[in-house]
Amino acid sequence: MATYVFGHTNPDSDSIVGAISLSYLKNQLGEECIPTRQGEISAETEFILNKFGGKKPELKTSYAGEDVYIIDYSDYGQAPKDIKEATIKGIVDHHKLGDIITSTPLECWIRPIGCSNTIVYEMYRSFDVEIPKDIAGMMMMAILSDTVIFKSPTCTKVDTKAVKELAAIAGVEDYKALAMEMFIVKSAVDGSSARELNTRDYKPFDMNGHKVGVNQLEMIDISALDDRKAELLEDMAKMKQEDGLHTVITLLTDIMKEGSQLLVVSDDTSKVEDAFKIKLENSQAWLDGVLSRKKQIIPFLQPQF
Ligand code: MG
Ligand code: MG
Ligand code: MG
């Protein structure tokens with residue numbers, strides 16, 4: 001029986017590439033694995049797959065009775081609905097430990113570094129498996145995406161070293177220029193509805209019984225959304241109503257200015273104001289230096305609940 005390998009719901013490049021890179025490694029080690037995805041791929045991920053000739057993993061949202069490896073998350077909130085009926089053989093992740101529990105012993109590779117694909121890279125090294133050129137290129141791009149071209153506070157020396165070594169395997173000289181091309185693709189907002197923007201990189205969190213949703217748009221220049229903030233906030237209020245959320249946040253992260261504009265709709269905005277020591281104006285505030293949801297947003301928000 002093949003084992004499925006997949007990342008979180010609303011998959012980002014780390015989740016898609018991680019499914020591919022981890023599956024290939026496991027296959028080389030004699031364990032039949034199939035990469036899958038829980039949702040549609042982003043324009044950024046499509047750019048990466050096209051650039052290096054990668055194949056889009058098949059869409060699969062139900063895993064009852066299956067063996068699985070999960071990558072880039074460990075929360076039920078980001079897992080398939082029937083994950084409790086699957087056997088989790090392993091977790092590869094770089095987020096806070098989530099609430100998933102397993103019924104059997106598992107393989108666990110969890111480290112506080114910039115990207116799940118950096119961990120997969122280390123796994124290739126420790127099992128002495130050669131990384132094919134195309135997979136190396138995709139892994140490199142996933143790391144450059146997750147670390148925002150090394151600017152994110154989540155980025156470590158392990159990540160920068162992995163990118164350099166993967167770039168050499170992939171035959172890419174100017175990986176920073178290629179990463180900028182990728183972020184230009186990622187920054188496109190024209191023609192996207194408010195809902196599409198508010199859910200592009202959306203993650204639901206359970207904070208002590210309260211549902212909190214945090215979306216992040218990483219852009220080269222967030223001023224492209226200056227005249228759409230009211231529309232975004234209006235749609236966030238609808239999302240809050242529809243999903244019974246306590247708080248909905250959209251982070252407009254400007255990767256050049258290195259900070260994030262926070263858009264907030266909440267039952268209790270003081271929780272957000274206290275978490276970041278800010279005063280919201282028109283449901284907004286600028287957080288200087290904030291690039292990482294996992295390291296600079298969630299750890300401050302969670303204790304408020
Ligand atoms: Mg991710
Ligand atoms: Mg990741
Ligand atoms: Mg991200």
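Both ligands and their constituent atoms are indexed starting at 1 by order of listing.
Protein N/O/S atoms found under 2.8 Å from the Mg ion (ligand 2), listed by chain and residue number: D14 OD2, D72 OD1, H94 NE2, D146 OD2.
For E273, the salt bridge (Lys or Arg N to Asp or Glu O under 4.0 Å) partners are K279, not counting sequence neighbours. Scored by the side-chain hydrogen bond (donor to acceptor under 3.5 Å, both in side chains) test, D82 finds S62 as partners (sequence neighbours excluded). Residues that satisfy the salt bridge (Lys or Arg N to Asp or Glu O under 4.0 Å) test with D134, not counting sequence neighbours, are absent from this structure.
Side chains of L262 and I278 form a contact here, defined as non-hydrogen atoms less than 4.5 Å apart.
A donor-acceptor contact closer than 3.5 angstrom links the side chains of T3 and K89. A side-chain donor from one of N117 and S21 sits under 3.5 Å from a side-chain acceptor of the other.
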